[in-house]
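Input: a single structure, listed below in C-alpha cells.
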Amino acid sequence: MGMAGMVASMRSIGQDASVLKQRVRPGTAKRMLRHAVPYAGLLALFLLVVILDAGIGVANPLIYRAIINNGILKGNATLIVRLAILVGILGLLDGALGLAQSYLSSTVGARVVLNLRAKLFEHIQQMPLAFFTRVQTGALVSRLNTDVTGAQTAFTDILSNVVGNSATVILVLGAMFMLSWPITLAALVLLPLFILPARFWGRKLQAITRESYNLTAAMNSLMVERFNVAGALLAKLFGRPRDDRQDFEAKASRVSDITVKRTIYGRLFFTALMLTAIVATAFAYGWGGVLAVEHKLDVGTVVALVSYLARLYAPLMGLSNIQVSLMTALVSFDRVFEVLDLPPMIKDDPDAVAIPAGPAQISFDHVSFRYPTPSEVSLASLESLAEPEKTPEKPVLSDISFVAEPGQLVALVGPSGAGKTTITHLVARLYDVQQGSVMLNGIDVRRAKLDSLHQRVGAVTQDAHLFHDTIRANLLYAKPQATEAELTGALGAAQILPLIQSLPRGLDTLVGERGYRFSGGEKQRLAIARLLLKSPEIVILDEATAHLDSESEAAIQAAFEVALRGRTSIVIAHRLSTILKADQILVVNEGRIVERGTHATLLERGGLYAELYQRQFASPGVLV
C-alpha cells in the first residue's frame, strides 16, 4: 500500500468512535455522493492510481524473493543487477503514483470544499436578521471551516481506505497464500493481537483529543474576548490584568498538560502497533526460518512473507475502522446540509416585482408584528443556550398605521423599547409582519424583489458598523462603481473630508476592527457619507447623530437637509431638537402609535410628546 493509504489507515484508528452514536438524516449519503458527481472523471483516475500503487507494493516482495533465490543463492550477478534496477524503477513509479494520488485527492477534496463553502456562505447571507441575532458566530464559522474540512478529509479517506486497502489486502493475501498458506493462516490468527492494542490506545487517543479540542477552544475564546477592541477596553477600564493573566495561565496550563498527555498517548499507540508488528515478524521469521532449514521453504519466500506481513496489518486495520470513517463523513456533511436545509424566512416571492426608481411612498396598514421564535428562524445546534420552545413571542407592534408621502420626513419618538427601530426594520423587510402590510408605492414589500427593495432603502444606525478595511472600500460597499469625485463629494457633505485629507494615506487608511481607529462621531460621519453615496429614495436614520457633538451635529443636519431633499425619510432621534421640522411626528409607546402630528400640535395637546419634550428641555442630558 502507498504512503497516502498508510497514513489514511493510521488516521482512521484515531478518529472519534463516538460518532457512531450520532444519527444522520435519511438521504445524507446520497446527497454526499451527488457532490462527487461533477468530479467523476478525477475520482475514477484517483481510484486507478490507488490500485496501481497497491499493485506496485505487492510486486516488490516477489522481486526480493527472486533476487535471493535466483540471484544471490545461484550466484547470478546479472539477474541481481537487473532486478535491483527494476526495484528502483518501481520505487520511482511508486513515488510518482503517490504524488499523483495526493494531487488528485487534494484536488477533489478542495473542489468539494469550495463548492460546499460557497453554497453555505451564500445561503447564510440570505438568512434574515433574526437568524443572526440568535446564532453564535463561532458556530457558523465552524460549519464553514471545521465541518466542511472534515467532510473533505473523511470523503477522500474513505476512497483511500476502501479502494486502496481492499486492493492491498486482496493482492497481499493472494500472494501470501501462493507462497505459503499455513504461515498466511497463522498471520490472520495473529490479527487480533495487532488490532486490539491499536483499538485500546486509539480509544484513549480519541478521548484525549476531544478533551484537547475543548480546552483549546476555551483558551481561544478567552483570547478572542480579551483581544477584540471592546473587550480590551473593558479589561483596561476595570483594571484586572492580573486576574485575566491568571485565568489565561490556568487555561493555557491545562492545554499544555493535555498536549504532553496527548503526545505520550500517541507514542504508546504507535509503540503498540510497532511491538505487535515485531511479534508477527518474529513469528514469520521463526517458523519460516525453521521451514527453510528443513528445506520445506526457500529463503526468498521467507523474506517475501515477512515483507508482506508488514504491508498487511495496516490496511486490515483501516478496513476494520471504515464504519467510523464513513460516519465521520456523513456527520460532517449532515451538519453542513442542516444549515443549507434551513429555509430563509425572508426571500423573493415567485411573482415578485421590482420597485421602480423614483419618489417613494411608505404606507403601514394595520401592522402587527412579533419576533420569530427560535424554532422558526434558527437551529438549536447553532445556539449556545438552545431552547426547543415554540411559544410565540409577545407582540412588539400592534395596529400600526401611517403614511409617509414622497419627500416627507417622518419622526419616530417614544420611550426606549417602544418599537421604533422595529418599525424601520419592517420598511427594509428585515422581518415580515404577521398582520397588515408594509407598502412602498403601493407594492407590498413581501411581493417586492429584495434587490430592488434594498436599492431603494438606505440606513444609518446609532452603532455604525465599518468593515476592517480601508475607508475607500467601506464607501465603495455602497456604490462599487463610484468615482473619486463622488467619494470626495459624499465625504464633504458628511463634513469629514478635511479629516480624511489630513490622513497620510487618505482614502486608503485602514479603519481598524469595527472602525475603532476613529471616534464615535467620525465613524458616524463615515457611515453618513456611505449613505449619501448610495443616494437611496428612502432614508432611515436610527439615532444617526447620537455620537456627534453640537457643532458636528449642526453641520450634519445642514448636510441632511440637502441629502434628504426629495427623499422619503424616517428618523428616530433621542434629541427632540433634531426633529422639530419633521412633516409628521409619530409617538410610539408599548408598540402602538399613541400620538401623531407636527411638533407644534403635539406640544399643544400636552400628551406624552409634550412630557418627553419638557423633560428633555429641563434636563438636556436625559435620553428618551
Side-chain angles (χ1 to χ4, degrees), residues 121-133 342-372 376-377 395-410 412 419-461 477-481 530-542 544 563-564 566-572 583-584 586 588 591 593:
F121 184 85
E122 180 184 19
H123 186 75
I124 291 173
Q125 278 195 312
Q126 295 172 356
M127 301 307 292
L129 185 63
F131 173 82
F132 297 99
T133 63
L342 181 65
M345 292 185 68
I346 308 297
K347 57 184 178 181
D348 276 336
D349 186 84
D351 300 321
V353 296
I355 298 177
Q361 180 198 65
I362 304 172
S363 174
F364 275 61
D365 184 18
H366 299 287
V367 168
S368 294
F369 172 78
R370 65 166 176 81
Y371 285 105
E376 291 175 321
V377 74
V396 179
L397 300 175
S398 299
D399 198 27
I400 299 292
S401 294
F402 71 90
V403 176
E405 298 294 345
Q408 280 192 345
L409 190 158
V410 176
L412 302 178
K420 305 185 295 296
T421 298
T422 302
I423 291 175
T424 63
H425 285 172
L426 296 180
V427 175
R429 204 193 169 195
L430 300 180
Y431 299 93
D432 275 341
V433 302
Q434 282 78 42
Q435 295 179 16
S437 61
V438 179
M439 292 180 287
L440 301 185
N441 288 342
I443 301 174
D444 192 320
V445 294
R446 291 169 295 188
R447 303 290 180 266
K449 290 184 177 180
L450 286 172
D451 57 351
S452 71
L453 174 62
H454 296 158
Q455 288 172 7
R456 306 288 167 258
V457 180
V460 176
T461 61
Y477 194 75
K479 189 177 181 181
Q481 71 278 14
R530 184 167 57 191
L531 172 75
L532 296 173
L533 194 64
K534 182 179 180 180
S535 188
E537 288 87 349
I538 297 172
V539 174
I540 296 172
L541 305 178
D542 189 349
L564 301 182
R567 294 185 172 87
T568 310
S569 310
I570 297 181
V571 178
I572 300 174
D583 297 291
Q584 183 179 184
L586 304 178
V588 185
I593 297 177

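For the numbers below, each heavy atom of this structure counts, side chains included, while hydrogens, waters and symmetry mates do not. Only a predicted model underlies this, so the values are computations on that prediction, with no experimental measurement involved.
Side-chain atoms of I423 and V367, non-hydrogen and from C-beta on, never get closer than 4.5 Å to each other. Residues M345 and D432 form no side-chain contact, since every pair of their non-hydrogen atoms from C-beta on lies 4.5 Å or further apart. The side-chain heavy atoms of I362 and L440, taken from C-beta on, include a pair separated by under 4.5 Å.
Put simply, the side chain of H123 never gets that close to the backbone of P344: no donor and acceptor are under 3.5 Å apart. Side chain of S368 to backbone of Q435: no donor-acceptor contact under 3.5 angstrom is found. In this structure, the side chain of D583 engages the main chain of L409 through a donor-acceptor pair within 3.5 Å. Side chain of Q584 to backbone of Q408: no donor-acceptor contact under 3.5 angstrom is found. The main-chain N or O of G358 is found under 3.5 Å from a side-chain atom of E537 such that the two form a donor-acceptor pair. In terms of modelled atom types and a separation under 3.5 Å, the side chain of Q434 and the main chain of R370 share a donor-acceptor contact. In this structure, D351 contributes its side chain and R447 its backbone to no donor-acceptor pair below 3.5 Å. Remark: side-chain polar atoms of T461 are not paired, donor with acceptor, to backbone N or O of D542 under 3.5 angstrom.
One finds the CZ atom of R429 at 8.0 Å from the CG atom of D444 (value rounded to the nearest 0.5 Å). To the nearest 0.5 Å, the span separating CG on D349 from CG on L450 amounts to 10.0 Å. Atom-to-atom distance recorded for F131:CZ and Q125:CD is 12.0 Å, nearest 0.5 angstrom. Here L430 contributes atom CG and L453 contributes atom CG; the two are 8.5 Å apart, rounded to the nearest 0.5 Å. Interatomic distance, CD1 of I570 versus CG of L412, reported as 6.0 Å (0.5 Å rounding).
For the pair I443 and V353, the tightest heavy-atom approach, listed with the atom from each and the gap, is CG2-CG2, 3.9 Å. Closest heavy-atom contact between R456 and P536: O-CB, 3.4 Å. The nearest pair of heavy atoms linking I400 to G591 is CD1-O, 3.4 Å. Closest approach of K534 and V457 over heavy atoms only: NZ-O, 2.6 Å. Nearest heavy atom pair, residue K449 against residue D348, reads CA-OD1, 3.4 Å. Taking all atoms of both residues into account, the shortest heavy-atom contact from L426 to V445 is O-CG2, 4.3 Å.
Not a single salt bridge (charged side-chain N to carboxylate O under 4.0 Å, His left out) links K347 to another residue, sequence neighbours left out. In this structure A459 satisfies the side chain to side chain contact (heavy atoms under 4.5 Å, CB included) test together with I540, sequence neighbours excluded. Residues satisfying the side-chain hydrogen bond (donor to acceptor under 3.5 Å, both in side chains) criterion with D399, sequence neighbours excluded, are H366. A search for side-chain hydrogen bond (donor to acceptor under 3.5 Å, both in side chains) contacts involving N441 returns nothing, not counting sequence neighbours. Looking at residues two or more places apart in sequence or on another chain, you find a ring pair (Phe, Tyr, Trp, His ring centres under 6.0 Å) between F402 and F364. By the ring pair (Phe, Tyr, Trp, His ring centres under 6.0 Å) test, Y477 is found to be paired with F467, residues two or more places apart in sequence or in another chain being considered.
A donor and an acceptor atom, one from each side chain of S437 and R446, are nowhere located under 3.5 Å apart. Residues T422 and Y431 bring no donor and acceptor atom of their side chains to less than 3.5 Å of each other.
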